[in-house]
Amino acid sequence: MAIPYMETVVGFMIVMYIFETYLDLRQHTAIKLPTLPKTLVGVISQEKFEKSRAYSLDKSHFHFVHEFVTILMDSAILFFGILPWFWKISGGFLLMVGLNPENEIYHTLSFLAGVMTWSQITDLPFSLYSTFVIESRHGFNKQTIWMFIRDMVKGILLSVILAPPIVTAIIVIVQKGGPYLAIYLWAFMFILSLVMMTIYPVLIAPLFNKFTPLPDGDLREKIEKLASSLKFPLKKLFVVDGSTRSSHSNAYMYGFFKNKRIVLYDTLIQQCKNEDEIVAVIAHELGHWKLNHTTYSFIAVQILAFLQFGGYTLVRNSTDLFRSFGFDTQPVLIGLIIFQHTVIPLQHLVSFGLNLVSRAFEFQADAFAVKLGYAKDLRPALVKLQEENLSAMNTDPLYSAYHYSHPPLVERLRAIDGQDKKTD
């Protein structure tokens, strides 16, 4: 008797949807609370709290609708055999244009083109509503509809340029990999990730945003002095025009070895009038570097990727698995898609574990900044970021433990105060 793989996968997807909806309902209830957490009373203004509450409730309502539509579509695609039907249609399209559908590379690219088109069509209403209704209603969206369309077209063109060679390489590796397939796949994806991390900030990100050097002045001097004191190999310090699309703020760093760069959102500079608060945020980010958090995370991701490829090699030739999803043949891409669906339970567990580690890293980076003497500036900086981004002030503990990669503000402030007392 054949194992009902597809029915099992759909069943688990629905179970996870119910579980995550339960967590969403708990968070929705927390957001509706009319009062601030005790720790934030007198720290966050009532006006900001009301705005944050309204914004979070709007996003929560939208999330419920989006997730319901998503689980309906995903379940229907698997349960009613839309994937094998779409694979057959993509082969028919190749015949129409005079190409051989037996060529797996052509067939796969035709299939991906159709999937990408479908994804754009189904995601577009949600993206438009999120950007031009919710984000605009609460004062965040700065995009025009033409800018939105331009970014979408750029994203599609990048996919058209990058996807064919990557997909072709993966297919060839799987077809020729033999007993060392998992190693070859992992090595290819490892090199690809390094290449993408190198070219993205230099070639791709500038297609969407303008990066300019941070002007000379006190802020630049303070950041460079901090970086030098930690022996951080800072090569360039940029400001990105995030305000052209949104008033949300952030800061991040990137680069390999001795070629590190720091990027500040212009909105962060506008919102934090006290330069020392911005430097405190950078001290937190440099804490991640000094404590090797980025390296540990990268290694963890590579180990998980290798294990996933190893698991894929064990099931890729399972005729019963492919037939359960409606396929008589065993295309490489379809095998990867099916495998990803069959390991959904493990993916959720891994995601939960990575969030736990990420939150621990955030506490450590905060503590690092405090030890450098930035407690009095980091605390108001985090509060200001919370206020200006209208982040949820009240959070459900189960929801945040499952979803958040960063600890809630209340927990971070408590930890900063505790670390500050130890430092004193």
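Atoms considered below: every heavy atom in the structure, side chains included; atoms not considered: hydrogens, waters and symmetry mates. Here the structure is a predicted model, which is why all the values come from computation and not from measurement.
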Would a distance-only check, ignoring hydrogens and angles, find a side-chain to backbone donor-acceptor pair under 3.5 Å from [X] to [Y]?
| X | Y | value |
| --- | --- | --- |
| Ser324 | Met6 | yes |
| Asp266 | Gly242 | yes |
| Asp396 | Leu398 | yes |
| Thr131 | Leu128 | no |
| Ser60 | Ser56 | no |
| Arg53 | Asn394 | no |
| Asn103 | Tyr106 | yes |

Applying salt bridge (charged side-chain N to carboxylate O under 4.0 Å, His left out), can you list everything that pairs with Lys142, at least two apart in sequence or on another chain?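 None.
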What is the distance from atom CG of Asp276 to atom CD1 of Ile282, rounded to the nearest 0.5 Å?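 So the CG of Asp276 and the CD1 of Ile282 are separated by 12.5 Å.
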Quick check: do [X] and [Y] have side-chain heavy atoms less than 4.5 Å from each other?
| X | Y | value |
| --- | --- | --- |
| Ser75 | Met13 | yes |
| Pro331 | His107 | no |
| Lys51 | Glu387 | no |
| Phe93 | Phe111 | no |
| Leu83 | Ile77 | yes |

Indicate the atoms forming the closest heavy-atom contact of [X] with [Y], along with that distance.
| X | Y | value |
| --- | --- | --- |
| His348 | Phe12 | CD2-CE2, 4.2 Å |
| Leu372 | Ala283 | CD1-CB, 4.4 Å |
| Pro201 | Met196 | CD-O, 4.3 Å |
| Tyr17 | Thr21 | O-OG1, 2.6 Å |
| Leu333 | Glu104 | N-OE2, 4.4 Å |
| Ala381 | Val281 | CB-CG2, 3.8 Å |

Taking the six-membered ring for Trp, are the ring centroids of Tyr200 and Tyr254 within less than 6.0 Å of each other?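 Ring-ring flag for Tyr200/Tyr254: false, centres at least 6.0 Å apart.
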More than 12 heavy atoms of other residues, nucleotides or ligands under 6.0 Å from CZ of Phe68: is that the case?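 Result for CZ/Phe68: open.
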Partner residues of Phe208 under the side-chain contact (heavy atoms from CB on, under 4.5 Å) criterion, sequence neighbours left out: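 Listed in chain order: Asp151, Lys154, Leu158, Ile204, Arg245.
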Qualifying residue, where the test is salt bridge (Lys or Arg N to Asp or Glu O under 4.0 Å) with Asp366 and the options are Arg379, Arg412, Arg414: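 The residue from Arg379, Arg412, Arg414 that satisfies salt bridge (Lys or Arg N to Asp or Glu O under 4.0 Å) with Asp366 turns out to be Arg412.
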Taking it one step at a time, do Asp123 and Ser119 satisfy side-chain hydrogen bond (donor to acceptor under 3.5 Å, both in side chains)? CA-CA 6 Å; Asp123 286 347; Ser119 178; 3.3 Å; yes
Show me, pair by pair, the donor-acceptor contacts under 3.5 angstrom made by side chains of residues 285-295, not counting sequence neighbours?
from: His288; atom 1: ND1; to: His293; atom 2: ND1; distance (Å): 2.9
from: His288; atom 1: NE2; to: His284; atom 2: NE2; distance (Å): 3.1
from: His288; atom 1: NE2; to: Glu362; atom 2: OE2; distance (Å): 3.1
from: Lys290; atom 1: NZ; to: Leu230; atom 2: O; distance (Å): 3.2
from: His293; atom 1: NE2; to: Gln364; atom 2: OE1; distance (Å): 2.8

